[in-house]
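Below, each value reflects all heavy atoms present in this structure, side chains not excepted, and no hydrogens, waters or symmetry copies. Numbered from 1 within each chain, the chains take letters A, B, ... in sequence-line order.
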Amino acid sequence: MEVRDAAGIGDLEPWLRSQHAVGVSVLLDDPRPRRGAPLALAVAGVDGRVVAGDGAEASDALRHLVEQTGVPLVGHEVKPILVAGFAEDPDRLPAPVAFDTQIAAYVLNAALRSQTIADVVAEQLDQILPSAAELPPTARAGLEALSALAVRDPLERRLADVQLDRLLREVELPLIAVLARMEAVGVALDRDALAALDREFRSEIDRLEREIYVDVGHDFNLGSPKQLEQILFFELNLPKGRRTKTGYSTDASVLEDLRPAHPMIDKLLEWRIYTKLRSTYVEALPTLIAADGRLHTTFHQAVASTGRLSSSDPNLQNIPIRTALGRRIRHAFVAGAPDLVLLAADYSQVELRILAHVSGDEHLKDAFARHADIHRETAARVLHKPPEEITADERSMAKMVNFGLAYGMSDFGLASRANIPRREAQEFINSYFAAYSGISYYMMAIKEQAKSQGFVETLLGRKRQIPELRAANPTLRGAGERMAINMPIQGTAADIQKIAMIRVAERLRGSGLDARLLLSVHDELLFETPRDQVEALAALVRETMEGALPLAVPLVVDVKVGDDWESMTPLTRADAIAAEADELPDEAVAAAPLAG
DNA sequence: TGGTTCACG
DNA sequence: ACGTACGTGAACCAC
């Protein structure tokens, strides 16, 4: 291996141009986008030559040369190299990605969480890689670049054997550059708004703490589950609820039942909400703002066993929205300049539509074809009543069942969430399956299929092995059955979202629009766009997302626009109606006049 | 490090 | 009889 400084990079150009692909690996002192400086970057040729740049200057020079020659990249986690390029210029064409061994290994077995290059080499080549900790950065990068090149062929053969090569080539690989660009672009955050929230939350927390200590009679650590358990169940002698491995549970559903029993419970619940929001968001997010004034998440493409993306450092897929207090945090996510706005496009009921498609259930398909209020429609069909006679409670129950379906819901689960007797929950579920026999049949069939072949798959063929289905332990086996029900639905939704992201990014490039894709939150895409281009962007995004994968039911996308991520207003009348049905509390929807 | 809790879809 | 709705990530406490 050759180690070079910045001055020794330039004369590598003829060699790079002679390679039809190169293995690449970068080692960063901080893995977060726009944070880390490279310690080393290595390039391995198909001719066996390996060159490593030593330090930030040489690594950047080598990366620039690779980008300039346009040689296709092979690596184990290529995204950080693309992020570095997009950080310099988000509008540049990225280096082409020929293969990513981390993502290939994930597609082959999504049940294992993120495999290292050493794991893949051991599996594919039956060789042990030297321990990375003992090697200098240049050697480590060189070894990884070469290893990635070496495991490509065996991985490609296995992918083709199980017909996963197209999923990798047409979805996962093109997605890498889309995600890299999103990470490099980031999202703007209003620091002052968060600072004000911090002051307000802190004073509420202080007040609640003082009041709770008075109610209890002495101080203790409210955040300690152990001390809290002692106070609640042994000092105040409140009724004990569910058990955990370590003691009695004090989670919100338990505390909810204890509210009438002691005045401190209400305050404790409120204290929990404030401290959660303060420590996870209000305090943490400002410290993660980069030099460009924006937040840059990292998307993980090889973690979730269903095919979904995840997000970390910070996680921007769990920014609060469900409560008014939480939404004040979302309010701090803003468009980055006065002439820009945010545009959010989300798939309406995508998982239930996928269930309608894969099960072929005629009644569910018909309801979606008619663009009916799906929860009301469900209640009406299950209870044998006209839709306009459905009460708020009945619609709410149907809504919970519709959500629970994709999770392999039990009567117990429904009963605890709907706060009804288990027997009633069981009756509703029975009536549901009688009314939607196609769904009932599908649930049995998918479990059988999963058991016989050991895995389940999405519409694009993405697979998840489920060894739990063969467990002797009935609890574990039950968990396996629920995974078997959920993965094809959640995973197909992920497939659709990924196709949409790739096509939207592609069409934006050729559109003359200046919009940027910022975030993907499972069934939602968030963009930043010049105000005067909103209409054109909305049309492009809606059409692309709705057409991502034709199903037996229409895919419907709701579009909203606003100056921040909280104050979003529906773009059209149809978006407004859909937003109302999807988001308002059930009572409001049941009370509202029918939309047509 | 593992357990608990809770933020999101 | 048994434990019980899928998938994530982060903060905090206890060991």
Side-chain angles (χ1 to χ4, degrees), chain A residues 110-111 113-114 220-229 242-255 268-269 271-285 288 297-300 303-323 325-327 329-330 346-351 355 400-418 422 425-426 429 443 456 464 466 473-491 493-494 497 519-524 565 582:
Chain A
R113 283 178 66 104
S114 206
F220 65 103
N221 184 351
L222 274 168
S224 161
K226 203 164 179 187
Q227 291 183 44
L228 188 62
E229 182 191 354
R242 242 186 31 254
R243 284 213 55 127
T244 66
K245 282 180 190 170
T246 51
Y248 294 100
S249 172
T250 68
D251 74 16
S253 71
V254 172
L255 294 181
L268 175 60
L269 280 164
W271 182 89
R272 281 246 178 103
I273 293 167
Y274 275 108
T275 53
K276 178 76 171 187
L277 295 177
R278 186 159 86 107
S279 67
T280 308
Y281 306 100
V282 176
E283 288 188 316
L285 293 178
L288 297 166
T297 186
T298 299
F299 288 107
H300 301 277
V303 169
S305 42
T306 54
R308 270 190 179 183
L309 299 172
S310 79
S311 158
S312 76
D313 305 292
N315 181 356
L316 297 186
Q317 292 181 326
N318 73 346
I319 300 305
I321 191 170
R322 293 177 187 170
T323 66
L325 197 62
R327 279 197 292 274
I329 291 164
R330 188 166 277 240
D346 70 282
Y347 282 110
S348 167
Q349 305 288 353
V350 66
E351 294 198 354
L355 181 59
M400 277 184 270
V401 170
N402 279 335
F403 276 108
L405 279 174
Y407 303 151
M409 153 183 67
S410 65
D411 55 351
F412 183 92
L414 178 63
S416 69
R417 276 161 191 78
R422 187 170 172 170
Q426 181 62 65
I429 292 171
M443 294 294 170
V456 286
R464 176 182 182 173
I466 307 182
N473 177 340
T475 306
L476 202 57
R477 210 168 50 239
E481 288 180 358
R482 296 192 295 275
M483 294 174 209
I485 288 168
N486 178 256
M487 187 274 176
I489 301 169
Q490 190 184 116
Q497 174 88 339
L519 294 177
S520 162
V521 190
H522 309 306
D523 62 358
E524 169 184 5
W565 205 8
D582 268 6

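- A straight line from CD of A:Gln349 to P of B:dG9 spans 13 Å, rounded to a whole angstrom.
- Atom-to-atom, CG of A:Leu355 to P of C:dA5 comes out at 19 Å; the value is rounded to the nearest Å.
- Computed from coordinates, the A:Glu283 CD to B:dA7 C1' distance equals 16 Å when rounded to whole Å.
- We find the NE2-CG distance between A:His300 and A:Asn315 to be 8.5 Å, quoted to the nearest 0.5 Å.
- A:Pro320 comes within contact range of the sugar-phosphate backbone alone, with a heavy-atom separation under 4.0 Å but no base atom that close.
- Residue A:Arg308 places no side-chain N or O under 4.0 Å from the OP1 or OP2 atom of C:dG7.
- Straight-line distance from the CG atom of A:Leu309 to the P atom of C:dC6: 21 Å, rounded to whole Å.
- Under the 3.5 Å distance criterion, the side-chain polar atoms of A:Asp523 are left unmatched by any main-chain donor or acceptor of A:Asp346.
- The phosphate of B:dC6 has neither OP1 nor OP2 within less than 4.0 Å of any side-chain N or O from A:Ser253.
- With hydrogens and angles left out, the side-chain atoms of A:Gln490 and A:Thr306 include a donor and acceptor closer than 3.5 Å.
- Nearest nucleotide to the A:Asn315 side chain, out of C:dA14, B:dG9, C:dG9: C:dG9.
- Inspection of the A:Ser312 and A:Thr298 side chains reveals no N or O donor paired with an N or O acceptor under 3.5 Å.
- Comparing the same atom, P, in C:dA5 and in B:dT4 gives a spacing of 15 Å after rounding to whole Å.
- Under a 3.5 Å cut-off, the side chain of A:Arg330 and the backbone N or O of A:Ile319 do form a donor-acceptor pair.
- Taking every side-chain heavy atom of A:Asp523 into account, B:dG9 is the closest of C:dA5, B:dG9, C:dG9.
- Protein atom CD1 of A:Ile321 is 8 Å distant from nucleotide atom P of B:dC8, rounded to whole Å.
- Near DNA chain B, meaning a heavy atom under 4.0 Å away, the residues from residues 242-252 of chain A are A:Thr244, A:Lys245, A:Thr246, A:Ser249, A:Thr250, A:Asp251, A:Ala252.
- Note on A:Arg464: a side-chain N or O is less than 4.0 Å away from OP1 or OP2 of C:dG7.
- Look at A:Lys226 and you won't find any side-chain N or O under 4.0 angstrom from OP1 or OP2 of B:dG3.
- Using a 4.0 Å heavy-atom criterion, one finds that A:Ala304 contacts the sugar-phosphate atoms exclusively.
- Looking at heavy-atom distances under 4.0 Å, A:Gly223 makes contact with sugar-phosphate atoms alone, never a base.
- A sub-4.0 Å separation between OP1 or OP2 of C:dT4 and a side-chain N or O of A:Arg482 is absent.
- Taking 4.0 angstrom as the limit, A:Ser311 places none of its side-chain polar atoms (N or O) nearer than this to OP1 or OP2 of C:dT8.
- Distance alone, capped at 3.5 Å, is enough to place a donor-acceptor pair between the A:Gln227 side chain and the A:Asn221 backbone.
- With distances taken from any side-chain atom of A:Ser312 to the nucleotides C:dT4, B:dC8, C:dG9, the minimum falls on C:dG9.
- For C:dC13, the OP1/OP2 oxygens have a side-chain nitrogen or oxygen of A:Asn221 closer than 4.0 Å.
- The listed nucleotides are C:dG3, C:dG9, C:dA11; the one nearest the side chain of A:Thr475 is C:dG3.
- When distances run from any side-chain atom of A:Arg422 to the nucleotides C:dC6, C:dT8, C:dG3, the shortest one goes to C:dG3.
- For the pair A:Tyr407 OH and C:dT8 C1', the interatomic distance rounds to 12 Å; values are reported in whole Å.
- Residue side chain A:Arg322 reaches the base of B:dG9 through a donor-acceptor N/O pair under 3.5 Å, judged by distance alone.
- The side chain of A:Thr306 contributes no N or O atom lying less than 4.0 Å from OP1 or OP2 of C:dG7.
- In the set C:dG7, C:dC12, B:dA7, the nucleotide with an atom closest to the side chain of A:Tyr281 is B:dA7.
- To the nearest angstrom, C1' of C:dA5 lies 14 Å from CD of A:Gln426.
- Checked by distance alone, A:Gln490 brings a side-chain donor or acceptor within 3.5 Å of a matching partner on the base of C:dC6.
- Comparing atom distances between the A:Lys276 side chain and each of C:dA11, C:dA10, B:dG9 picks out C:dA10 as nearest.
- One P atom belongs to C:dT4, the other to B:dT5, and the distance between them is 13 Å to the nearest Å.
- Closest approach to the A:Met483 side chain among C:dA14, C:dT8, C:dC6 is made by C:dC6 (side chain taken as heavy atoms from C-beta onward).
- No donor-acceptor pair under 3.5 Å is formed between the side chain of A:Thr297 and the backbone N or O of A:Ser311.
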Seminar exercise, completed: For DNA chain C, the expected dot-bracket line (Watson-Crick or G-U under 3.5 Å, [ ] crossing, | inter-strand) is .....|||||||||.
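- Within 4.0 Å of A:Arg272, counting heavy atoms only, lie sugar-phosphate atoms of the nucleic acid but no base atom.
- Atom CZ of A:Arg417 and atom P of B:dC6 are 13 Å apart (whole Å).
- In terms of modelled atom types and a separation under 3.5 Å, the side chain of A:Ser416 and the main chain of A:Gly413 share a donor-acceptor contact.
- Contacts of A:Ser249 classified as side-chain hydrogen bond (donor to acceptor under 3.5 Å, both in side chains), with partners at least two apart in sequence or in another chain: A:Arg242.
- Between atom CD1 of residue A:Ile466 and atom CE of residue A:Met487 there is a gap of 8.0 Å, rounded to the nearest 0.5 Å.
- Comparing B:dC6, C:dC13, C:dG9 against the side chain of A:Pro225 picks out C:dC13 as the nearest.
- Atoms CD and CG, from A:Gln426 and A:Leu414 in turn, are 9.5 Å apart once rounded to the nearest 0.5 Å.
- A:Arg243 places no side-chain N or O within donor-acceptor distance of the main-chain N or O of A:Tyr248, the cut-off being under 3.5 Å.
- Contact annotation for A:Ile485: no contact, since no heavy-atom pair falls under 4.0 Å across all strands.
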